[in-house]
J.: 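Quick one: the structure is below, questions incoming.
Every chain is numbered from 1 and lettered A, B, ... according to where its sequence line falls, protein lines coming before strand lines.
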2 protein chains.
Amino acid sequence: MSSDVSSPTRTTALDPAAAAPTRWLDAEEQRAWRAYMYSWMLLEDRLDRELTRETGISHAYYEILVQLSEAADRQLRMSELAERCLSSRSRLSHAVSRLEERGWVRRQVCAEDGRGQLAVLTDEGFAALEAAAPVHVEGVRSHLFDQLSPAQVAAMRDIGETVLRHLAER
Amino acid sequence: MSSDVSSPTRTTALDPAAAAPTRWLDAEEQRAWRAYMYSWMLLEDRLDRELTRETGISHAYYEILVQLSEAADRQLRMSELAERCLSSRSRLSHAVSRLEERGWVRRQVCAEDGRGQLAVLTDEGFAALEAAAPVHVEGVRSHLFDQLSPAQVAAMRDIGETVLRHLAER
DNA sequence: TCCAAGTGGTTGAGCGTTTTACTGTCTCGC
DNA sequence: GCGAGACAGTAAAACGCTCAACCACTTGGA
């Protein structure tokens, strides 16, 4: 235990007073952080695996289809879609290419801006989403909401929105 | 909006009474879920990028080094290490190979079980962890704990542990 | 003692993501 | 108009993860 770098009792300062002393996490904070991180990692993994196994659609693809389905005319500019999916443009470009191969999305040049591309959800894509949605929702429900009290759900939202306000400011 | 598959008002049942009707998320639940998911995705991405940029160590590698540093004699069986890192054996095996190339970890055959391998943290690896730890902790502190009230931190831990109990049962 | 089944770990191929660079288009000041 | 710079999106290569197959060793029973 004396070799534990993240030990809260550690106060060594190798840097010559240049940087501020590290504000280590105490034991309680470490527990909170670990619980938060691990629970999310397990949840993410579980939802993605169940969705992929039962529908053949990964959570990443699902998110793209959802965003398109919610957009006007079921279409969005590539960059707008990337932003809504918290995805890089490159990643989204690759992903849309793969969805195009499945016939679920098609690209279309943007009329207003010759540089732009529109990603359009096809009927087949919408049908695939319709088939996958119940599986996804049931996963979120059973692994998350069914486990939490209404107060915990409210707290979850509150925490999420607080962190989001901090991180999403640009 | 009428095309929104995840709309809470949707009650279509295409399946002939075989499966139970989908328990869709209502608007409040959707907000909570989205806030929770997006905030975690942004936080994860932010922490990983900052850590990688400033120390050259990804969050995945960092986790491996932490687990080894906290273990007795700074060494663990590969499978035990994989479990603690919430990683697959294959993934860990690849990762350890890369850490070995950096000279931060070395493999050693296990004395008690000839099939087993021990991953051992080297002094160089420990030094790398010591250098990275303040950066990581400061990231978690500034992007998470500094944003939350003590009550929110307590709730975060509570939620995390609740979900963990559900998902970690094996 | 020997063999079958189980376990621990690695390997390689395929796939998805990241990074960097690049192409084509738009915008704005001259 | 026209050229410089910004912007939208894509391409290529390197990297990491997943999946399935595999090897080596151990265990337990005949």
Side-chain angles (χ1 to χ4, degrees), chain A residues 41-42 44-54 56-65 68 75-102 104-120 170, chain B residues 41-42 44-53 56-65 67-68 75-102 104-120 170:
Chain A
M41 288 172 69
L42 286 175
E44 192 178 30
D45 187 65
R46 184 79 161 254
L47 291 176
D48 189 43
R49 280 177 194 279
E50 289 182 355
L51 187 64
T52 303
R53 177 165 49 78
E54 294 179 35
I57 303 178
S58 71
H59 196 258
Y61 287 6
Y62 182 81
E63 186 67 20
I64 293 172
L65 299 181
L68 285 176
Q75 60 182 38
L76 281 174
R77 288 286 293 268
M78 292 295 286
S79 49
E80 176 64 24
L81 181 53
E83 205 164 312
R84 294 193 190 188
C85 293
L86 302 185
S87 169
S88 71
R89 293 179 183 200
S90 176
R91 178 182 173 187
L92 182 78
S93 184
H94 287 296
V96 165
S97 296
R98 293 186 295 262
L99 289 174
E100 227 174 354
E101 285 172 15
R102 295 195 186 188
W104 292 349
V105 173
R106 66 184 161 74
R107 275 179 237 249
Q108 187 178 308
V109 287
C110 180
E112 300 94 60
D113 188 338
R115 296 168 300 183
Q117 290 277 102
L118 287 169
V120 186
R170 52 202 66 177
Chain B
M41 289 173 69
L42 285 174
E44 189 178 34
D45 187 67
R46 184 79 161 253
L47 291 176
D48 189 43
R49 280 176 194 279
E50 289 182 356
L51 187 64
T52 303
R53 177 165 50 78
I57 304 178
S58 71
H59 195 258
Y61 288 6
Y62 181 81
E63 187 67 20
I64 293 172
L65 299 180
Q67 293 298 339
L68 285 176
Q75 59 183 36
L76 280 174
R77 288 287 292 270
M78 292 296 286
S79 49
E80 175 64 24
L81 181 54
E83 206 162 313
R84 294 193 191 189
C85 293
L86 301 185
S87 170
S88 70
R89 293 181 184 197
S90 174
R91 177 183 173 185
L92 182 78
S93 185
H94 286 296
V96 165
S97 296
R98 293 186 295 262
L99 289 174
E100 228 173 354
E101 285 172 17
R102 294 194 187 189
W104 292 350
V105 173
R106 66 183 162 73
R107 274 179 238 248
Q108 187 178 308
V109 286
C110 180
E112 300 94 59
D113 189 336
R115 296 168 298 184
Q117 290 277 103
L118 287 169
V120 186
R170 52 201 68 178

J.: Which letters describe nucleotides 2-10 of chain D, given B = protein heavy atom under 4.0 Å from base, S = only from sugar-phosphate, - = neither?
T.: -----BBSB
J.: Suppose the criterion is side chain to side chain donor-acceptor pair (under 3.5 Å): which pairs have a residue in residues 86-97 of chain A, not counting sequence neighbours?
T.: A:S97-A:R107
J.: Would you please name every residue forming a side-chain contact (heavy atoms from CB on, under 4.5 Å) with A:D113, sequence neighbours left out?
T.: A:R77, A:C110, A:R115
J.: Please list, chain by chain and in numerical order, all residues satisfying side chain to side chain donor-acceptor pair (under 3.5 Å) with B:R46, sequence neighbours excluded.
T.: B:E50
J.: Whole angstrom is fine here: how far is it from CD1 in B:I57 over to C1' in D:dG16?
T.: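 So the CD1-C1' distance, B:I57 to D:dG16, works out to 17 Å.
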J.: Could you measure the distance from the OG1 atom of A:T52 to the CG atom of A:L47? Nearest 0.5 Å is fine.
T.: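 So the OG1 of A:T52 and the CG of A:L47 are separated by 10.0 Å.
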J.: Base, sugar-phosphate, or nothing: which does A:S97 touch, judged by heavy atoms less than 4.0 Å apart?
T.: nothing
J.: A:E54: what forms a side chain to side chain donor-acceptor pair (under 3.5 Å) with it, not counting sequence neighbours?
T.: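 Result, side chain to side chain donor-acceptor pair (under 3.5 Å) vs A:E54: none returned.
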J.: For the atom pair CD (A:E80) and CD (A:Q75), what is the distance rounded to the nearest 0.5 Å?
T.: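 With rounding to 0.5 Å, CD (A:E80) is 12.5 Å from CD (A:Q75).
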J.: I want to confirm an ordering. Mapping A:H94 and A:R49 to their closest nucleotides on DNA chain D, which one lands closer to the 5' end?
T.: A:H94
J.: Looking at residues at least two apart in the chain, or sitting in another chain, which of them share a side chain to side chain donor-acceptor pair (under 3.5 Å) with A:Q117?
T.: none
J.: Can you list the residues that meet the side-chain contact (heavy atoms from CB on, under 4.5 Å) rule with A:A119, with sequence neighbours excluded?
T.: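 Applying side-chain contact (heavy atoms from CB on, under 4.5 Å) to A:A119 gives A:L68, A:M78, A:L81, A:V105.
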J.: Going 5' to 3' on DNA chain C, which nucleotide is the first and which the last to come under 4.0 Å of a heavy atom in chain A?
T.: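 Answer, 5' to 3': C:dG16 to C:dC26.
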J.: When the nearest nucleotide of DNA chain C is assigned to A:A111 and to A:R98 on a heavy-atom basis, which residue is associated with the more 5' position?
T.: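 Comparing both residues, the 5'-ward one is A:R98.
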J.: Roughly how many Å is it from CZ in A:R91 to P in D:dA11, rounded to a whole number?
T.: 18 Å
J.: What is the distance, rounded to the nearest whole Å, between atom CZ of B:R102 and atom P of D:dC15?
T.: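 Spelled out: CZ on B:R102 to P on D:dC15 is 11 Å.
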J.: Just to verify, what does B:E63 make a side chain to side chain donor-acceptor pair (under 3.5 Å) with, not counting sequence neighbours?
T.: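 Partners of B:E63 by the side chain to side chain donor-acceptor pair (under 3.5 Å) criterion, ordered by chain and then number, come out as A:Y38, B:Q67.
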J.: What is the separation between atom CZ on A:R53 and atom P on D:dT18, rounded to the nearest whole Å?
T.: 16 Å
J.: Whole angstroms only, please: what is the OH-P distance between B:Y62 and D:dG16?
T.: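 Roughly 19 Å, once rounded to whole Å.
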